[in-house]
2 protein chains.
Amino acid sequence: MVRISNGRSKTTGDGAARARGPRADRRFRARQRDILRAAAAVFREKGFEAAGMRDIALAAGLSAANLYYYYGSKDELLFSCQDLALDRLLGAARAAGKAAGPVAERLRQVIDVQLRCMLEELEGGAAHLAVDALPAPLRARVVRKRDRYERALRALVREGVRAGEFAPCDPTLVTRAMLGALNWTAQWYRAGGPTPLDALCAGFADYLVRGLRP
Amino acid sequence: MVRISNGRSKTTGDGAARARGPRADRRFRARQRDILRAAAAVFREKGFEAAGMRDIALAAGLSAANLYYYYGSKDELLFSCQDLALDRLLGAARAAGKAAGPVAERLRQVIDVQLRCMLEELEGGAAHLAVDALPAPLRARVVRKRDRYERALRALVREGVRAGEFAPCDPTLVTRAMLGALNWTAQWYRAGGPTPLDALCAGFADYLVRGLRP
DNA sequence: AGTCGATTCGAACCATGGTTCGAATCTCGA
DNA sequence: TCGAGATTCGAACCATGGTTCGAATCGACT
């Protein structure tokens with residue numbers, strides 16, 4: 001569809017403005033979170049473009065119209081998914097940056113977290129690979145955060161090289177290769193398939209870190 | 001849009017049925033090829049969903065309506081792109097399978113070819129990562145061919161392991177990781193950017209093959 | 001019970017964009 | 001030069017799907 005709508009898409013649902021007591025407020029936020037979860041699942045299942053608001057509404061257990069009480073637009077829904085997922089990834093990456101121990105081990109940890117965030121059923125945190133679907137202003141914000149994550153990962157690689165733990169290489173290129181391998185899993189990995197998630201994490205961490213050894 | 005159209009999308013343009021002399025026939029096919037090239041470029045530039053028939057028509061230098069004289073539908077256009085690109089990749093992979101010499105070197109060669117096929121300006125062979133955009137029957141054909149490519153690559157990895165040239169590993173997982181890293185480049189690499197294509201090919205081949213060493 | 005606002009939904013609304021129509025134009029063999 | 005068919009295009013057509021409308025329902029407080 002790619003509706004331009006000549007103005008910017010609404011950034012908040014109608015319900016966000018309401019004055020609410022603490023009980024009702026908690027309910028509102030909880031509902032919002034549930035909807036986000038459902039949306040993430042549908043996005044992951046069918047892809048952003050193919051996922052319809054009616055699908056999301058069905059998955060979340062309310063009407064399509066009602067959805068707009070909680071989120072201003074489909075774009076906002078996707079943006080919130082991506083933003084939330086990136087926050088979790090960024091948290092893991094920063095923790096790994098500060099942690100002690102061999103870089104290889106910390107890198108394995110980040111790989112593990114990213115795969116689980118993206119592929120675990122409970123949370124569909126893989127939406128962040130649909131960046132191009134967002135309108136420019138929202139996209140810019142996601143890209144900025146995504147770049148922070150990439151930089152954190154790159155810093156880790158660079159640290160390993162400096163310490164002599166990894167072979168000399170172009171950290172930018174290598175980081176992109178790693179991220180590509182990880183991101184692409186969202187295209188083919190399905191829970192309940194032949195490969196258990198643990199095996200995937202282990203296999204990927206082995207291969208991707210091994211390529212850095214001197 | 002995802003038009004279901006309750007029947008299957010047309011698989012040939014109106015012009016395909018016409019009886020033509022040899023001169024006109026050559027013109028027809030040439031035009032078809034040019035359109036395919038233009039379409040591939042637009043798909044690569046904007047993505048399949050975002051690319052409009054009017055965009056493609058503009059890029060190819062004819063009207064949107066006229067496009068349907070050469071290709072039956074947008075789906076057929078995408079399918080043809082993917083099919084053609086996969087033929088080239090498959091050719092390279094099979095050549096590498098039969099060739100002599102160390103497996104590592106042959107693997108590097110395949111990596112090189114895939115990156116160039118996907119990213120070179122002249123041909124937008126990266127469309128094959130939009131498989132999910134196709135209707136089921138066409139998608140099945142593309143997937144079958146894509147799987148052949150993946151199997152060829154996997155066989156190469158397995159051969160290296162058997163020969164002791166590579167470390168023992170799960171070839172399926174490793175192949176998927178490699179393909180992910182390669183495919184994802186279509187998301188971020190742009191000609192004229194900071195990284196020359198040669199550097200990308202070399203860096204990726206280094207890293208991805210290095211991870212296989214014992 | 002009664003009221004006000006928060007919440008919900010079925011039924012439109014309407015821009016988008018793939019596709020079709022019908023007529024104009026061009027090409028080539030006779 | 002002429003006519004039949006190949007090629008081209010502007011102008012609709014119309015299904016899709018994000019979004020809005022207006023009214024009905026629910027919940028909490030007096």
Side-chain angles (χ1 to χ4, degrees), chain A residues 1-32 34-35 39 42 46-58 60-78 133 135, chain B residues 1-32 34-35 39 42 46-58 60-78 133 135:
Chain A
M1 269 257 147
V2 188
R3 193 172 303 263
I4 298 298
S5 78
N6 87 11
R8 48 214 80 263
S9 50
K10 285 177 55 178
T11 47
T12 44
D14 289 2
R18 295 281 183 285
R20 249 178 298 261
R23 177 196 291 314
D25 193 57
R26 182 157 43 247
R27 246 222 293 277
F28 181 80
R29 284 188 212 280
R31 197 82 208 267
Q32 228 176 3
D34 289 345
I35 291 172
V42 177
K46 319 179 80 162
F48 177 73
E49 300 283 357
M53 290 301 265
R54 290 162 180 87
D55 298 326
I56 298 172
L58 187 66
L62 39 57
S63 72
N66 198 9
L67 224 46
Y68 286 82
Y69 186 73
Y70 293 93
Y71 289 93
S73 65
K74 192 184 177 186
D75 288 333
E76 191 202 342
L77 216 33
L78 179 62
Chain B
M1 268 261 144
V2 188
R3 192 172 304 261
I4 299 296
S5 78
N6 87 11
R8 47 215 82 265
S9 52
K10 284 176 57 178
T11 47
T12 45
D14 289 2
R18 294 283 183 283
R20 250 177 298 261
R23 177 194 291 312
D25 193 58
R26 182 156 44 245
R27 247 221 294 275
F28 181 80
R29 285 187 213 280
R31 198 83 208 267
Q32 230 176 2
D34 289 346
I35 291 172
V42 178
K46 319 179 81 163
F48 177 72
E49 299 285 355
M53 290 301 266
R54 289 163 180 86
D55 299 326
I56 297 172
L58 187 66
L62 39 58
S63 73
N66 198 9
L67 223 46
Y68 286 83
Y69 186 74
Y70 293 95
Y71 288 93
S73 66
K74 192 183 177 187
D75 287 334
E76 191 202 341
L77 216 33
L78 179 62

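A note on names: the letters A, B, ... follow the listed sequences, proteins ahead of strands, and every chain is numbered from 1. Below, each value reflects all heavy atoms present in this structure, side chains not excepted, and no hydrogens, waters or symmetry copies.
In this structure, the CD atom of Gln32(B) is 11 Å from the P atom of dT7(D), given to the nearest Å. Ile56(B) places its CD1 atom 10 Å from the P atom of dT19(C), with the value rounded to the nearest Å. The nearest whole Å value for the distance from the CZ atom in Phe28(A) to the C1' atom in dT8(C) is 13 Å. Rounded to whole Å, atom P of dG10(D) lies 16 Å from atom CE of Met53(B). Following rounding to the nearest Å, Leu67(A) (CG) and dG17(D) (P) show an atom-to-atom distance of 16 Å. For the pair Asp75(A) CG and dT16(C) C1', the computed distance is 15 Å after rounding to whole Å. Between the OH atom of Tyr70(B) and the P atom of dT7(D) there is a distance of 6 Å, given to the nearest Å. Put simply, CD1 on Ile35(B) is 8 Å from P on dT8(D), counting in whole angstrom units.
Considering only side-chain atoms of Ser63(B), the nucleotide from dG10(D), dA28(D), dT27(C) that sits closest is dG10(D). Between dG18(C), dC21(C), dC9(C), one nucleotide has an atom nearer to the side chain of Ala65(B) than all others, and that is dC21(C).
At least one test fails for Arg18(A) against the ring of Phe28(A): distance under 6.0 Å to the centre or angle within 45° of the axis.
One finds no side-chain N or O of Tyr68(A) lying less than 4.0 angstrom from the OP1 or OP2 phosphate oxygen of dC9(C). Not one side-chain nitrogen or oxygen of Asn66(A) sits closer than 4.0 Å to the OP1 or OP2 atom of dT7(C).
Taken to the nearest 0.5 Å, the CG atom of Leu62(A) stands 12.5 Å off from the OH atom of Tyr69(A).
Here Tyr71(A) lies out of heavy-atom contact (under 4.0 Å) with every strand. Ala57(A) comes within 4.0 angstrom of nothing in the nucleic acid, heavy atoms only. Looking at heavy-atom distances under 4.0 Å, Arg54(B) makes contact with a base.
Legend: residues meeting ring-ring contact (aromatic ring centres under 6.0 Å, His included) with Phe48(A), ordered by chain and number and at least two apart, are Phe43(A).
With the nearest nucleotide of DNA chain C identified for both Lys74(B) and Arg31(A), Arg31(A) has the one nearer the 5' end. Toward the 5′ end of DNA chain D lies the nearest nucleotide of Arg27(B), the other residue of the pair Phe48(A) and Arg27(B) mapping further downstream.
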Any N/O pairs under 3.5 Å between the protein and nucleotides 3-6 of chain D? List them or say none.
from	atom 1	to	atom 2	distance (Å)
dA6(D)	OP1	Ala19(B)	N	3.4
dA6(D)	OP1	Ala19(B)	O	3.2
dA6(D)	OP2	Arg18(B)	NE	2.9

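A distance-only check finds a donor-acceptor pair linking the side chain of Lys74(B) to the backbone of Ala51(B) [under 3.5 Å].
In terms of heavy-atom proximity, Asp55(B) sits nearest to Ala50(B) at OD2-O, 3.9 Å. Nearest heavy atom pair, residue Met53(A) against residue Leu67(A), reads O-CD2, 3.6 Å.
Considering Arg29(B), Arg27(B), Arg23(B) in turn, Arg29(B) is the only one that fulfils the side-chain hydrogen bond (donor to acceptor under 3.5 Å, both in side chains) rule with Asp25(B).
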